[in-house]
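Below is one structure; the comments refer to it alone.
Computed from heavy atoms alone, side chains included, the values below leave out hydrogens, waters and symmetry copies.
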Amino acid sequence: MNVSLTPELEKFVEESVASGRFASASEVVRYALRAEKEHEEWVSFARRKVVEGLEAAARGDVIDGEESIARLRHIVAKKKRRTA
């Protein structure tokens, strides 16, 4: 597979390898693709949760804002631990 990059992205990849953070350009691209996949999964999860929340609100089944934020923080912390 061949991939064309803009000059800016090519420079970014080269700098990432030169910094020692990545061993090769392929490693940079694989990392970026995994990050994009994770981002899309997170967006999909967030959308599902918003729909669930709207449905719960329509039924009158709601929780207060502080509890909701606490639950979200717990979910985010758990996800960070899994990806670390």
Side-chain angles (χ1 to χ4, degrees):
M1 173 183 296
N2 291 321
V3 178
S4 298
L5 301 175
T6 64
E8 294 84 11
L9 287 176
E10 188 172 346
K11 181 179 178 192
F12 176 76
V13 170
E14 290 168 353
E15 289 171 350
S16 296
V17 174
S19 74
R21 183 169 178 215
F22 298 95
S24 68
S26 292
E27 196 174 295
V28 175
V29 172
R30 284 192 297 271
Y31 178 85
L33 290 172
R34 282 191 301 271
E36 175 60 19
K37 183 176 185 273
E38 183 176 307
H39 172 76
E40 290 203 7
E41 289 169 354
W42 176 253
V43 168
S44 177
F45 169 80
R47 285 184 176 140
R48 284 193 313 274
K49 290 300 181 183
V50 167
V51 169
E52 288 174 16
L54 291 172
E55 290 170 349
R59 292 189 307 270
D61 181 21
V62 295
I63 57 174
D64 70 32
E66 288 184 25
E67 183 179 346
S68 185
I69 295 297
R71 287 183 185 185
L72 286 172
R73 285 188 175 135
H74 175 74
I75 291 167
V76 169
K78 193 163 92 173
K79 180 125 178 105
K80 283 183 180 179
R81 285 192 301 271
R82 277 189 285 179
T83 60

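Each salt bridge (Lys or Arg N to Asp or Glu O under 4.0 Å) pair with one or both residues in residues 66-75, not counting sequence neighbours, appears once here: Glu67-Arg71. Residue pairs meeting the ring-ring contact (aromatic ring centres under 6.0 Å, His included) criterion with at least one partner in residues 9-28, sequence neighbours excluded, are Phe22-Tyr31.
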Exercise. Hey, mind stepping through Glu38 and Lys79 against side-chain contact (heavy atoms from CB on, under 4.5 Å) and telling me if it holds?
Worked result: CA-CA 10 Å; Glu38 183 176 307; Lys79 180 125 178 105; 4.1 Å; yes
For this session: Please lay out, stage by stage, how Lys37 and Glu40 fare under the test side-chain contact (heavy atoms from CB on, under 4.5 Å).
Result: CA-CA 5 Å; Lys37 183 176 185 273; Glu40 290 203 7; 5.9 Å; no
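When all heavy atoms are compared, the tightest approach of Val28 to Ser16 is CG2-CB, 3.9 Å.
Atom NE2 of His39 is separated from atom CD of Glu41 by 11.0 Å, given to the nearest 0.5 angstrom. Considering CD of Glu27 and CZ of Arg30, their distance stands at 6.0 Å, rounded to 0.5 Å. Taking CD1 of Ile75 as the start and NZ of Lys80 as the end, the distance is 13.5 Å to the nearest 0.5 Å. A distance of 13.0 Å separates CD in Glu15 from CZ in Arg21, rounded to the nearest 0.5 Å.
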Output a table of donor-acceptor pairs, distance under 3.5 Å, between side-chain atoms of residues 44-51 and any protein atom two or more places apart or on a different chain; print 'none' if there are none.
unit_1	atom_1	unit_2	atom_2	d
Ser44	OG	Arg48	NH1	3.1
Lys49	NZ	Glu52	OE1	3.2

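Annotation: side chain of Leu5 is in contact with side chain of Val13 (closest heavy-atom distance under 4.5 Å).
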